[in-house]
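Report on the following structure.
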Amino acid sequence: MPTTRYPWSAPRDIAPSEITPRAVWMRRRELLQAAAAAGLAIAAPRGSAQPADARKLPAKSGPYSTMEKPTPYKLITEYVNFYEFGTEKDDPPKYAPKLLRTRPWTVQVDGAVKKPRAFDIEELLKLAPLEDRVYRLRCVEAWSAVVPWVGYPLAELIKRVEPTGNAKFVEFTTLADPKQMPGLRSPVIDWPYTEGLRLDEAMHPLTLLTFGLYGEVLPNQNGAPVRIVVPWKYGFKSAKSIVRIRFVEKQPLNSWQKSAPHEYGFYSNVNPTRDHPRWSQATERRLGEDGLFTKRRPTLMFNGYAEQVASLYAGMDLQKFY
Ligand SMILES: Nc1nc2c(c(=O)[nH]1)N[C@H]1C(S)=C(S)[C@@H](COP(=O)(O)O)O[C@H]1N2
Ligand SMILES: [Mo]
């Protein structure tokens, strides 16, 4: 497992003009929270009695954060893929806040582990110190965002259940309740949405068990109450609203691979040199940069995290294992 840490450094390929000194970011967190609160005031459903403070998630600064400018809260929460609530970008923000019940919530952790058990969400939140981690997110649809997540490494949870020697892969299953999720009526994918990682990918310190963004609990449409974030892979690997984490010996089939195996592989590492069969993956549109003459950004190998994760794939043909 790579142990080199690059606290607060941007991946090397980021232009110096995009780099913000650490002190500026530290102050920025407060601004981010203020901006989020303002966004929430507008977006909050009428009659929601929850005080704004109940949404705050105190966290320490985490390593690996990019210094790129975070994408505005409004865009992150209003331009969303969460097919359980519909396939249009504005379906999840329309339906998830009202329909998804995030309490009570339990995550079953089982399979090839010595200590299988269910975790209540409140316990899961307190299992390890929460960190602010600003990561890039690259959707397979060739748009990207910079998201200030709040969470802790998934490895913290994995250590506690003690995987056995048979645990080679991890499978994530997300909630599939037709009463809460109108999108389940359409068979776009074989519900429930499942995703998988190799055990070493799941244990990598970049892989985040995520509870919040912009210093506050996750809006439902972004995968409340708990989701995975794997920043060097296409966004669909980051399963939302998970209810089960299972350790298995054989590589699990993920939902997108099941529905279109020639388009989506198991690994789905961000790779500008391997095009999607229907479009190029060489460049991306950053959310919020939509001017008529705004240049698309070049997509970076492993979404800019090559220094941290390339060694996981040493010797593998990444054209074949896409
Ligand atoms: N359960 C579930 N998780 C999901 C999806 C989904 O449809 N259902 N969409 C994925 C895709 S395609 C992307 S790009 C990211 C988007 O995360 P965000 O909207 O919170 O940025 O969530 C991923 N996780
Ligand atoms: Mo995506």
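When a ligand or atom number is given, it counts from 1 through the structure's own listing order.
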- Message: For ligand 1 and W149, I'd like to know whether there is a polar contact (N/O to N/O, distance under 3.5 Å).
- Response: no
- Item | Pairwise distance OG(S255) to CZ(F172) - rounded to 0.5 angstrom | 13.0 Å
- Message: For a 4.5 angstrom cut-off between non-hydrogen side-chain atoms, does P63 reach E131?
- Response: yes
- Note on the structure: When distances are taken from atom 20 (O) of ligand 1, the protein heavy atom at minimum range is R227 NH1, 2.5 Å
- Message: Is it true that Q257 and Y267 share a donor-acceptor pair across their side chains at a distance under 3.5 Å?
- Response: no
- Query: Which bit of Y193 gets closer than 4.0 Å to ligand 1, counting heavy atoms only: side chain, backbone, both or neither?
  - Reply: side chain
- Min N/O separation Y83 to ligand 1 under 3.5 Å: yes
- Take Y305 and V270 through the test side-chain contact (heavy atoms from CB on, under 4.5 Å) and record every step on the way to the result. CA-CA 10 Å; Y305 300 95; V270 174; over 6 Å; no
- Report the part of E141 in contact with ligand 1, treating N, CA, C, O as backbone and CB onward as side chain, heavy atoms under 4.0 Å; options are side chain, backbone, both, neither. neither
- Query: Among F236, W143, F172, which residue places a heavy atom closest to atom 11 (C) of ligand 1?
  - Reply: F236
- Task: Determine whether the side chain, the backbone, both or neither of T174 has a heavy atom under 4.0 Å from any heavy atom of ligand 1.
- Result: side chain
- Query: Does the side chain of S238 come under 3.5 Å of the side chain of E195 through a donor N or O and an acceptor N or O?
  - Reply: no
- Mind checking whether Y79 and W143 have side chains closer than 4.5 Å, heavy atoms only? yes
- Item | Nearest candidate to atom 9 (N) of ligand 1, where distance is taken over non-hydrogen atoms, out of I189, I76, N81 | N81
- Close side-chain approach of Y193 to Y83, heavy-atom, < 4.5 Å: no
- Q221 near ligand 1 by a heavy-atom separation under 4.0 Å: no
- Item | Proximity flag G223 to ligand 1, non-hydrogen atoms under 4.0 Å | no
- Task: Say whether R286 and S144, considering side chains only, have a donor N or O and an acceptor N or O under 3.5 Å apart.
- Result: yes
- Message: I want to check something: taking the side chain as every heavy atom from C-beta on, are T102 and I121 in contact at a cut-off of under 4.5 Å?
- Response: no
- Query: N/O of E84 under 3.5 Å from N/O of ligand 1, yes or no?
  - Reply: yes
- Note on the structure: Short version for L137: what comes under 4.0 Å of ligand 1, heavy atoms counted, is side chain
- Shortest protein heavy-atom distance from atom 15 (C) of ligand 1, along with the residue and atom involved: G235 O, 3.6 Å
- Message: Under a 4.0 angstrom heavy-atom cut-off, which atoms of ligand 1 come close to C139?
- Response: 14 (S)
- Task: Calculate, to the nearest 0.5 Å, the distance between atoms CH2 and CD belonging to W191 and E84 respectively.
- Result: 4.5 Å
- Which heavy atom of the protein is the closest neighbour of atom 24 (N) of ligand 1, given with residue, atom name and distance? S238 O, 2.8 Å
- Tell me: protein heavy atom nearest atom 3 (N) of ligand 1, and distance? K240 N, 3.0 Å
